[in-house]
There are 2 protein chains.
Amino acid sequence: MSNVVAKQLVQPLQRGVVAENNPCAACQVRDLSICGAIEPEHLGKLDAIVVHKKLVPGEILFFEGDRSDSLYIITEGCVRLSKMLADGRRQITGFLFPSDFLGLALRERYAYSAEAVDPVLLCRYPKNRLEALLDQFPAMERRLLAVASNELAAAQDQMLLLGRKTALERVASFLMILMRRMQLKGRQDTVSLPMTRTDIGDYLGLTIETVSRSLSKLKRDRIVRFLTAQDMQIVDPKRLAQLAGADDEWKPTTTL
Amino acid sequence: MSNVVAKQLVQPLQRGVVAENNPCAACQVRDLSICGAIEPEHLGKLDAIVVHKKLVPGEILFFEGDRSDSLYIITEGCVRLSKMLADGRRQITGFLFPSDFLGLALRERYAYSAEAVDPVLLCRYPKNRLEALLDQFPAMERRLLAVASNELAAAQDQMLLLGRKTALERVASFLMILMRRMQLKGRQDTVSLPMTRTDIGDYLGLTIETVSRSLSKLKRDRIVRFLTAQDMQIVDPKRLAQLAGADDEWKPTTTL
DNA sequence: CCCGGGCCTTGATCTGCGTCAAAATGCGAC
DNA sequence: GTCGCATTTTGACGCAGATCAAGGCCCGGG
């Protein structure tokens with residue numbers, strides 16, 4: 001298991017050219033991630049322990065049950081986290097995007113598998129060396145706790161979705177989640193779905209057919225419009241939010 | 001909303017008699033909870049900020065959306081956490097038992113409601129004062145991170161359950177969860193269900209009828225036996241584990 | 001002891017989504 | 001461009017679990 005990871009192409013460009021120049025300082029997503037908790041003058045300590053890594057679509061970062069010796073931060077692309085039952089039924093527990101944190105766990109083993117959805121770039125930190133840094137920078141640890149707390153809230157939203165929402169509500173909720181993520185970096189009403197329908201189904205606890213039918217209904221009702229099968233435009237965000245069960249008035253939009 | 005909490009009966013006995021005597025030191029669940037991270041000689045600092053609280057069955061501790069100004073630790077009884085949709089559909093995201101932590105969130109507002117299932121005793125800590133303690137005791141903060149990380153793993157298990165398991169598998173998984181909790185404090189093959197069938201259904205994403213039918217099937221198949229409607233005996237833990245989809249070989253049993 | 005009102009269980013029927021099947025669409029290779 | 005495969009969409013049908021509807025049981029109060 002899990003040696004697909006072996007061929008970890010260390011990015012020659014970033015490492016060679018930029019690394020001596022303090023790449024963390026130039027990082028686009030730093031402020032959004034836990035690295036933002038470290039003062040610029042100390043970023044060198046992060047650089048010292050980071051290894052950059054590249055994944056091709058479908059490549060596996062680690063398997064559920066592998067020993068967890070590393071933490072990661074996504075800098076580009078989309079990663080899916082999943083758990084499986086013995087007979088192959090799969091549940092995707094989350095999709096990760098740039099600035100997202102992966103491997104949070106002072107636990108012995110990963111509780112889920114992580115695979116690249118599309119081409120992914122990420123920063124890898126050895127667990128023990130990062131923990132040493134946490135001792136030096138309490139602000140970083142506090143930030144980690146905040147991240148965990150946000151993920152927990154997201155997980156609870158997902159439980160509500162999986163336990164009690166209809167197929168159409170689930171798909172609408174999914175689009176809302178993606179939309180909100182995209183808003184964080186500019187794009188407004190347009191959403192791209194780098195993952196397959198199978199992935200979406202496994203995330204929402206539905207089959208691909210039901211996902212497809214729900215998307216078709218949203219299309220028929222002029223709530224969304226498809227440019228390609230992976231790129232869509234949210235035509236009527238209000239109605240989409242209603243369908244999603246927008247109980248979100250007082251919910252802060254991710255207070256990192 | 002949320003003023004049911006007003007009648008917070010401060011426990012006269014524990015406060016008056018034991019408090020001057022350092023009740024935290026005598027606490028039965030301390031080692032299991034985050035308080036265990038504080039050295040005995042510093043427990044006084046915890047005692048200084050704690051308020052003991054008692055809830056009657058059904059009493060609401062706080063509502064989803066309330067400002068979160070407190071953290072709690074359960075010392076006795078069972079608490080349910082839930083989220084609701086506008087039309088009343090409810091999802092219970094977890095049941096808490098003695099030593100469990102509640103209100104983890106450096107977030108502004110609670111993401112869920114918390115209600116007593118049966119008579120509950122808990123310790124309440126003002127958020128800002130506990131945060132001050134965290135600064136003094138990094139071990140406590142680390143412990144908090146570990147708790148969060150465990151809860152996250154549990155949440156992901158629950159997503160797998162809600163998204164991909166059948167009714168029978170869900171009920172079996174639920175009993176396994178309870179059984180494991182009970183084992184932590186002695187009781188072996190006997191499990192009590194302080195919550196109603198409605199609660200169980202809302203936890204498992206099922207209706208009460210389906211929960212009842214599934215339990216009846218487990219009973220018919222001699223996997224469990226009922227003493228009363230709330231007290232059962234696990235006759236065949238192996239088969240129960242199989243039904244639950246026991247992919248748990250390498251899963252640690254809650255590494256606090 | 002009996003009564004009343006929650007719960008819980010069981011049965012009959014319905015339905016949203018899964019399953020099976022096939023057609024349409026997109027897209028990279030040549 | 002067009003061929004071929006993978007993915008998505010659409011349609012027909014079936015089933016697990018929801019809904020509707022009776023009872024049965026337990027327990028507390030009079």
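Reckoned from all heavy atoms, side chains included, excluding hydrogens, waters and symmetry mates. Each chain gets a letter, A, B and so on, in the order its sequence line appears, and its residues count up from 1.
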Please give the angle, rounded to 10 degrees, between the axes at the start and the end of the helix from C:dC1-D:dG30 to C:dC30-D:dG1, where five pairs define each axis.
40°
Contacts to DNA chain D from residues 194-211 of chain A, heavy-atom cutoff under 4.0 Å, which residues?
A:Thr196, A:Arg197, A:Glu209
ring-ring contact (aromatic ring centres under 6.0 Å, His included) contacts touching residues 151-178 of chain B (sequence neighbours left out)
B:Phe174-B:Tyr203
When rounded to the nearest 0.5 Å, the distance separating CD of A:Gln230 from OG1 of A:Thr196 is 9.0 Å
Results of side-chain hydrogen bond (donor to acceptor under 3.5 Å, both in side chains) for A:Thr166 - residues two or more places apart only:
A:Glu169
How would you list all residue pairs meeting salt bridge (charged side-chain N to carboxylate O under 4.0 Å, His left out) that involve residues 191-206 of chain A, not counting sequence neighbours?
A:Arg80-A:Asp199, A:Arg90-A:Asp199, A:Arg90-A:Asp202, A:Asp202-B:Arg164
Given 3.5 Å as the limit, does a donor-acceptor pair link the side chain of A:Lys83 with the main chain of B:Asp157, or not?
no
Take atom CZ of A:Phe226 and atom C1' of C:dG26, then tell me their distance rounded to the nearest Å.
14 Å
Partner set under side chain to side chain contact (heavy atoms under 4.5 Å, CB included) for B:Ala241, not counting sequence neighbours
B:Met176, B:Ala246
Taking any atom closer than 4.0 angstrom to a non-hydrogen atom of chain A, what span of DNA chain D does the protein reach, first nucleotide to last?
D:dT8 to D:dA12
Counting the atoms with a prime plus P, OP1 and OP2 as sugar-phosphate, which does B:Thr228 contact under 4.0 Å by heavy atoms, base, sugar-phosphate, or nothing?
nothing
Per the ring-ring contact (aromatic ring centres under 6.0 Å, His included) rule, what does the pair list look like for residues 222-241 of chain A, sequence neighbours excluded?
none
Atom pair CD/CD of B:Glu151 and B:Gln158 - distance to nearest 0.5 Å
12.5 Å
B:Tyr110 and B:Phe62 aromatic ring geometry - parallel, tilted or perpendicular at 30°/60° bounds
parallel
Considering heavy-atom distances to DNA chain C, does A:Leu168 or A:Leu227 have its closest nucleotide positioned more toward the 5' end?
A:Leu168
Spacing of B:Leu215 atom CG relative to C:dC7 atom P, expressed in whole Å:
17 Å
Determine which pairs satisfy salt bridge (charged side-chain N to carboxylate O under 4.0 Å, His left out) with at least one residue from residues 223-237 of chain B, sequence neighbours left out, and list them in order.
B:Asp236-B:Arg239
Integer-rounded Å distance: C:dG26 C1' and A:Asp231 CG
13 Å
Mark yes or no for a side-chain to base donor-acceptor pair under 3.5 Å between B:Arg220 and C:dT9, with no hydrogen or angle criteria applied.
no
Under the side chain to side chain contact (heavy atoms under 4.5 Å, CB included) test, which residues partner B:Ala167, sequence neighbours left out?
B:Leu206, B:Thr210, B:Ser214
Donor-acceptor pair, side chain of B:Arg109 and main chain of B:Glu64, under 3.5 angstrom:
no
If you look at every strand shown and take non-hydrogen atoms under 4.0 Å, does A:Ser216 touch a base, only sugar-phosphate, or nothing?
sugar-phosphate
For nucleotides 22-24 of chain C, list the nitrogen or oxygen atoms of the protein found under 3.5 Å from its nitrogen or oxygen atoms, one pair per line.
none

Considering residues at least two apart in sequence or located in another chain, which fulfil the side chain to side chain contact (heavy atoms under 4.5 Å, CB included) criterion with B:Glu209?
B:Thr207, B:Arg213
By nearest-heavy-atom nucleotide on DNA chain C, the more 5' of B:Gln230 and B:Arg213 is B:Gln230
